[in-house]
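Here the structure comes first, spelled out in structure tokens, and everything after it is commentary.
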Amino acid sequence: MRRTGRIVLTAAALAGCAAAVLGLTALGTRAEGPLTGALERAAGMVGVVEGRVARRVHGPGREARLAWFAPMRTAARLRRPERVLLGAYDQGLPASLQGVLDLENRLGTVLPLVALYTAWGDRPEQQFPLRQLQAVWDLGSVPVVTWEPWLTDFENRLHPSLPLRAERDRGGLAAIARGEYDFYVDAWARDAAAWGRPVLVRWGHEMNDPYRYPWGPQNNASADYVAAWRHVVERFRRAGADNVLWVWSPHVAYSGAASYYPGGDVVDWVATGALNYGTVAYWSRWWSFEEIYGSKRAALTPYGKPVMIAEFGSLAVGGDRAAWYREALADLPTRHPEVKAVIVYGASRDATVTQQTLDWSVTPDSAAVRAVAGEFARWAPAPARVPAKR
Amino acid sequence: MRRRAAPVRFRDRLVLTVLVGGGAASCLLLADWWFRPGHVAQPALFVLLSLAFWYGAGRIVVGWVNYLGVARPEHVAAPGGLRVAVFTTSSPGEPLSMFETTLAACARIRYPHTTYLLDDTRDPRFREVAERHGAVWLELVGLPGAKAGKINRALELTDEEFVLVLDPDHVPFPEFLDRTLGHLADPRVGFVQVCQAYYNQGRSFVARGAAEQTYAFYGPGQMGLFGHGAALAIGANCTFRRAALESVGGHGVGLAEDLVTAIRLHAGGWTSVYVPEVVSRGLVPEDLGSFQKQQLKWARGVYEMVFAELPRAFAHLTWRQRLCYATVGTYYLFGPTTLLFLVIPYLYLWTGVQPASMRFAGFLTASAPVSAFGAAVYLYVQRWLCHPAAERGIHWRGLVLKVACWPVFLAGTVLAVVRAEIPYVPTAKQAVRGRVLRLARPHLALLVLYLATVARVAYTRLAETPEGALELSGEAVWGMLGFATVPVLMACGAVYAAWRSRTPAPGTPWEAVPVDRLGGEAR
């Protein structure tokens, strides 16, 4: 065979194999098993050990600056918080928590709560986020997990008893309550119990909003939500996961939240979002924090539970963003003494609600940073102005 | 002492089938895990990584399929009265004293035969040695095609029905022809190959490793090929039927003359027999330089078979023969795939580019069954080694040596694709004083790169990676570093082999061969 012939043959063979790889990949699925989980845990130890080495080299890190919070990092004390706990959500997860640290450095405080989001499903990133929770814990904070019961991410191939995907959402909560998803709930419960540290879980949030999530009233009766909630909590308690605190989080703009309340024995916190979309969408206008939360807080206060503003933030379109933060936070503990946690929503690429990608991040907005930092400094007695270590 | 591979019992075959079945199922599960869409991080690199990985896995599977064919031919007594020639060749530079041993042993082969020394040394002492040992001396100077050229010319000058081609370093046992000629009574059989074993593997690390690389091939490997109808001719120790050789225009010429001859004979409808018995012993390279030269020659030659012979012979081979030749022909792709495996962790650690978003834990879980079945098959087929007592074990020296040769394999691949020629040089019969640095250069370079990378990673992690990113990126970074460590350990082995090659083992190995006490009943 001549040189060109050889090169062509070699190239053709390579191209054929490459096409086979891509074709096979297109056929693939995404599940993960228990043995892998165990090995994952071992692999996670690498990061923990390294963190310890780094702390030994650099001296105490963030955890030491949160020393005041250390005695409060128990399930019992987190159920009865004595003061407002601040937190943040940043889209750097699952790769990095540095976004949260950058924000708090700019705010001159250290945030005791760190939020993360995860959906139900078979994919590796939908399993108990042990690695991320441990990372949050090792930084001195307590994780707040928004756990979203999307039912269509389970593969029929792996769970032949489940209905077809298109048929799962309608009546999905009743199916959860009947235990059809216990294979998944129990795995989380076991992992959570094994982890053992306090974690706040905000399950099935905004369940009374008929437009957003499949677990809303368009697919389910409120009684089924209550039954599903009680079932999930029951499975966790049976697994010994008493370290999980349950955060019930309706959308206060929609009526009828009360019928979704699962009961004081299975709820530790109540929460809502307070996001001002400004004028980015036809359905929104510039709403102040008082309009969003203050006027609707009665939906949350009757239960005698600490209240969390689980998503707190404003876009910049349609008003004075810094002023919004300033007004919202000014004397918050006295204005709304029931509020015991505020989590700054800092997603920089939020595409969940509108057609556009929205930027909620506070870090790059100096005016907003000054506003938030100023109010925090006034009433949140954190170790003020701790210089950033790195 | 003559050694012989164990017979293949039904029970062995059953166990092997179960192991291979389990292994194949594990491979399917591994593929199911590997080709998940979520695992693709950088598509082009993912394709490359997949090709390299599944090339290796595919070879393992094809090896298993080959073992499923494992068979040992029934011994057939050699009929009397056959006319047999024994060809051995001498070339300039080959040590005269070696021929004393080889020709003395040839004279002691029991079956009546004529030994010919095919000589182009222009050194009268070779003629003297040949004639002293009763061999016919043929001066064949200036023929193209090196060894095969001389064999083809000698075929014209002689007329024996059967020709044993013996490499000059191979010392035949007296019963050699008695063990092979019987199979040629079947008129369809074109050649009979016997096991290739060595008498100098104890003389150096490289010799031991080079020998280890061949143990499985000359045991269950060739027995499998025989079972599949594709027992290969190896340059040495092959007894040919003259009519078969003449039907394909003589012995093949080129760097892989043995393979070329075998594929032409198979394509011409001849069958072959593999006799898994040690009825001669020869030399294996004792130093890294000679070994690498031999490997480069073979790599280039094997690809020549793929590009020049396989397409022509393809239509005339059975599908099992096609698979066998394609597998043999792609052995040296180990070079380019190793390069790829080497590059990937450094690419990630220096630039952050990652071909696949696989978790190491997930990979370990998914690949563990394949590894387990692979190890089981590896150990199980060792019952068919030709000399199990001496050859059994984990052939780690062989593996180190194979990894040490990846640059050579890579060069052979590239040279074959662009059709660059390399000269035919007989493999050195005696260890050559190696230049350590030249042989170890690529491996030392890898070692330096590795240490620099470790230093960089340690520094970055401690001084630059912010606190909030440290813990969550630990597994990926340290896992990749672990991935980079395995070939570095191998490279250390290669450097060790080069270092040990700097001074040859003393003496000439053949002088210790007890020519008058060779052979005897198999154990």
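These numbers were taken from a predicted model, which means no experiment stands behind them. Letters A, B, ... are given to chains in the order of the sequence lines, protein chains preceding strands, and every chain is numbered from 1. Every heavy atom of this structure was used, including side-chain atoms; hydrogens, water molecules and symmetry mates were not.
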Give, for atom [atom1] of [X] and atom [atom2] of [Y], the distance between the pair rounded to the nearest 0.5 Å.
| X | Y | atom1 | atom2 | value |
| --- | --- | --- | --- | --- |
| A:Q132 | B:L472 | CD | CG | 6.5 Å |
| B:L462 | A:E50 | CG | CD | 7.0 Å |
| A:L139 | B:E471 | CG | CD | 7.0 Å |

Would one find more than 12 heavy atoms of other residues, nucleotides or ligands at under 6.0 Å from atom CZ of A:F183? yes

Taking B:G468, B:G474, B:A31, B:P311 one by one, which has the highest count of heavy-atom pairs under 4.5 Å against chain A? B:G468

Student check: side-chain heavy atoms of B:E467 and A:H58 closer than 4.5 Å: no

With a 4.5 angstrom heavy-atom cut-off, could you sort out which part of [X] is near chain B: side chain, backbone, both or neither?
| X | value |
| --- | --- |
| A:L93 | side chain |
| A:I7 | both |
| A:A135 | both |

